[in-house]
S.K.: 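Here it is, the structure in full.
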Protein chains: 2
Amino acid sequence: MNDQVRRSSPLFPISIVMNLTQLTARQIRYYEEHSLITPARTDGNRRMFSFNDIDCLLEIKELIDQGVNMAGIKQVFGLKNQSDEIILKDNKPIEISNKKDLSEEELRKLLKQEVIQKRQHNQVNLRQGDMWRFFKN
Amino acid sequence: MNDQVRRSSPLFPISIVMNLTQLTARQIRYYEEHSLITPARTDGNRRMFSFNDIDCLLEIKELIDQGVNMAGIKQVFGLKNQSDEIILKDNKPIEISNKKDLSEEELRKLLKQEVIQKRQHNQVNLRQGDMWRFFKN
DNA sequence: TTTTTATGTAATAAAAGCTAACATGTATTG
DNA sequence: CAATACATGTTAGCTTTTATTACATAAAAA
């Protein structure tokens with residue numbers, strides 16, 4: 001029984017999540033439509049959210065508040081996944097081309113990687129994990 | 001924002017509590033009838049349970065499993081309260097009569113006090129806090 | 001044996017949540 | 001400006017979940 005399990009256990013009904021995140025039900029469902037979260041469902045088709053889901057929603061909310069639109073948020077989230085995959089699949093840094101000056105493209109990749117690695121070591125992003133921190137000792 | 005708040009925030013609907021505690025709705029409501037727990041209510045009168053409530057229910061469940069009946073459980077819980085009051089009201093040990101041998105009554109009081117003090121220092125009762133431990137890091 | 005406990009079961013009403021459709025305000029773009 | 005797209009609000013109809021209450025029952029206690 002590890003953190004992963006604890007954090008992803010579906011426990012909260014949408015009403016609680018609304019309170020906790022200050023998002024409307026409409027918003028929460030909308031973000032699900034866009035696959036930013038994937039809450040579990042009860043037998044009766046009710047959404048049940050995990051700590052992870054709530055963390056995601058808090059992150060989304062912050063981005064929204066900063067004026068980022070869906071596409072942007074998808075980038076941020078997709079970025080995470082993409083980079084995670086990279087790191088998981090071959091456990092070494094992205095190859096850098098031999099050209100003297102990096103292309104913007106390559107630069108971005110490097111930055112992404114840095115962010116991801118910091119995240120994996122829990123050294124960055126105060127927003128990330130807020131919900132969880134709220135509940136842990 | 002402290003532990004007390006975190007642990008007593010009403011977050012879980014009864015269905016989740018049933019799963020988490022393996023108690024039936026009937027049982028949970030019954031224990032509420034007997035004031036062993038006092039879950040919050042939504043505007044719509046639905047029970048919403050906190051980590052504390054779930055901790056209590058786990059403790060109740062353990063006692064039940066050990067064959068303790070309602071009256072016994074009330075003793076255990078009431079004991080807690082009563083002794084807490086004692087400790088809170090006058091912050092010193094119960095006076096001991098001058099009689100050479102303590103009455104059974106007095107002996108019990110002393111034992112209670114000991115237990116309570118240990119509890120207050122989190123040095124006793126493995127069952128207590130299980131739920132919370134499940135969720136904290 | 002009769003009572004009391006603790007829990008199960010069933011009926012009914014109300015609350016909460018789901019989907020789907022349409023409405024709307026605000027940017028963005030031709 | 002007009003048209004479009006985006007993000008969210010609103011409403012309606014339906015289903016699931018929960019609450020209350022009453023009655024049933026097995027086991028324990030008296």
Side-chain angles (χ1 to χ4, degrees), chain A residues 9-54 56-78 127, chain B residues 9-51 53-54 56-79 127:
Chain A
S9 301
L11 298 171
F12 310 103
I14 200 169
S15 54
I16 291 296
V17 178
M18 290 171 62
N19 285 320
L20 255 23
T21 63
Q22 294 294 95
L23 293 167
T24 66
R26 183 73 171 83
Q27 286 178 295
I28 295 169
R29 296 189 190 116
Y30 185 70
Y31 303 147
E32 183 189 10
E33 270 182 39
H34 286 266
S35 304
L36 298 180
I37 53 171
T38 317
R41 299 287 184 128
T42 66
D43 290 344
N45 199 36
R46 263 101 204 277
R47 273 167 267 252
M48 295 298 298
F49 300 77
S50 65
F51 283 108
N52 269 339
D53 292 326
I54 296 179
C56 276
L57 287 172
L58 287 174
E59 199 171 347
I60 293 170
K61 185 186 169 63
E62 177 140 301
L63 291 169
I64 290 280
D65 288 349
Q66 289 171 2
V68 181
N69 63 9
M70 283 295 100
I73 297 176
K74 281 179 189 174
Q75 285 300 316
V76 175
F77 277 54
R127 208 82 215 16
Chain B
S9 300
L11 298 172
F12 309 102
I14 199 169
S15 54
I16 291 295
V17 178
M18 291 172 62
N19 285 320
L20 255 24
T21 63
Q22 294 295 94
L23 294 167
T24 66
R26 183 72 172 83
Q27 286 178 296
I28 295 170
R29 296 190 190 114
Y30 185 69
Y31 303 147
E32 183 189 9
E33 270 183 40
H34 286 267
S35 304
L36 298 180
I37 54 171
T38 317
R41 299 286 185 130
T42 67
D43 289 344
N45 200 36
R46 264 103 202 277
R47 274 167 267 253
M48 294 298 296
F49 301 76
S50 66
F51 283 106
D53 292 326
I54 296 178
C56 277
L57 288 171
L58 287 173
E59 199 171 349
I60 292 169
K61 186 186 169 63
E62 177 139 301
L63 292 169
I64 290 279
D65 288 349
Q66 289 172 2
V68 181
N69 63 8
M70 283 295 101
I73 297 176
K74 281 179 189 174
Q75 283 302 314
V76 176
F77 277 55
L79 175 158
R127 210 82 214 19

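Side-chain atoms are counted along with the backbone in the values below, which use heavy atoms only and exclude waters and symmetry mates. Reminder, nothing fancy here: chain letters follow the sequence lines and each chain counts from 1.
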S.K.: Can you check whether B/Y30 has a side-chain N or O nearer than 4.0 Å to OP1 or OP2 of C/dA6?
M.R.: yes
S.K.: Please compare B/T24 and B/N45 by the position of their nearest nucleotide in DNA chain C and report the one closer to 5'.
M.R.: B/T24
S.K.: Could you check whether the side chain of A/R46 and the base of C/dA16 have a donor-acceptor pair of N or O atoms closer than 3.5 Å, going by distance alone?
M.R.: yes
S.K.: Nearest-Å distance, CD (B/E32) to C1' (C/dA6)?
M.R.: 16 Å
S.K.: Starting at the 5' end of DNA chain C and moving along, which residue's nearest nucleotide shows up first, A/M48 or B/G44?
M.R.: B/G44
S.K.: Under the criterion side chain to side chain contact (heavy atoms under 4.5 Å, CB included), I'd like the reasoning laid out for B/I28 against B/F49: C-alpha separation, chi angles, the key distance, then a yes or no.
M.R.: CA-CA 11 Å; B/I28 295 170; B/F49 301 76; 3.6 Å; yes
S.K.: Go through A/Y31 and A/L23 one step at a time and tell me if the side chain to side chain contact (heavy atoms under 4.5 Å, CB included) criterion holds.
M.R.: CA-CA 11 Å; A/Y31 303 147; A/L23 293 167; 4.1 Å; yes
S.K.: Quick one: label B/R47 by what it contacts on the DNA or RNA (base, sugar-phosphate, nothing), any heavy atom closer than 4.0 Å.
M.R.: sugar-phosphate
S.K.: Report the distance from atom NE2 of B/H34 to atom P of C/dT4, rounded to the nearest whole Å.
M.R.: 14 Å
S.K.: With a cut-off of less than 4.0 Å, is there a side-chain N or O of B/T42 near OP1 or OP2 of C/dA16?
M.R.: yes
S.K.: B/D65 side chain to B/E62 main-chain N or O, any donor-acceptor pair under 3.5 Å?
M.R.: no
S.K.: Once you round to the nearest 0.5 Å, how far does CE of A/M48 lie from CZ of A/R41?
M.R.: 11.5 Å
S.K.: Let me know which of B/I37, B/T38, B/T21 forms a side-chain contact (heavy atoms from CB on, under 4.5 Å) with B/C56.
M.R.: B/I37
S.K.: Taking any atom under 4.0 angstrom from a heavy atom of chain B, which nucleotides of DNA chain D are the first and last to qualify, 5' to 3'?
M.R.: D/dT17 to D/dT20
S.K.: Please give, in whole Å, the distance from C/dT24 C1' to A/R26 CZ?
M.R.: 12 Å
S.K.: In this structure, how many angstroms lie between the P atom of C/dT7 and the CD atom of B/E33, rounded?
M.R.: 11 Å
S.K.: Between B/N69 (CG) and C/dT3 (P), how many Å, whole number?
M.R.: 21 Å
S.K.: Closer than 3.5 angstrom, by distance alone: can the side chain of B/S9 be matched with the main-chain N or O of B/L11 as a donor-acceptor pair?
M.R.: no
S.K.: Whole angstrom is fine here: how far is it from CD in B/Q27 over to C1' in C/dT5?
M.R.: 13 Å
S.K.: Between A/M70 (CE) and C/dT28 (C1'), how many Å, whole number?
M.R.: 17 Å
S.K.: Round to the nearest Å and state the distance from B/M18 atom CE to C/dG8 atom C1'.
M.R.: 12 Å
S.K.: Checking A/L63 against A/M70 for the side chain to side chain contact (heavy atoms under 4.5 Å, CB included) test, could you report, in this order, the C-alpha distance in whole Å, the side-chain angles of both residues, the deciding distance, and whether it holds?
M.R.: CA-CA 9 Å; A/L63 291 169; A/M70 283 295 100; over 6 Å; no
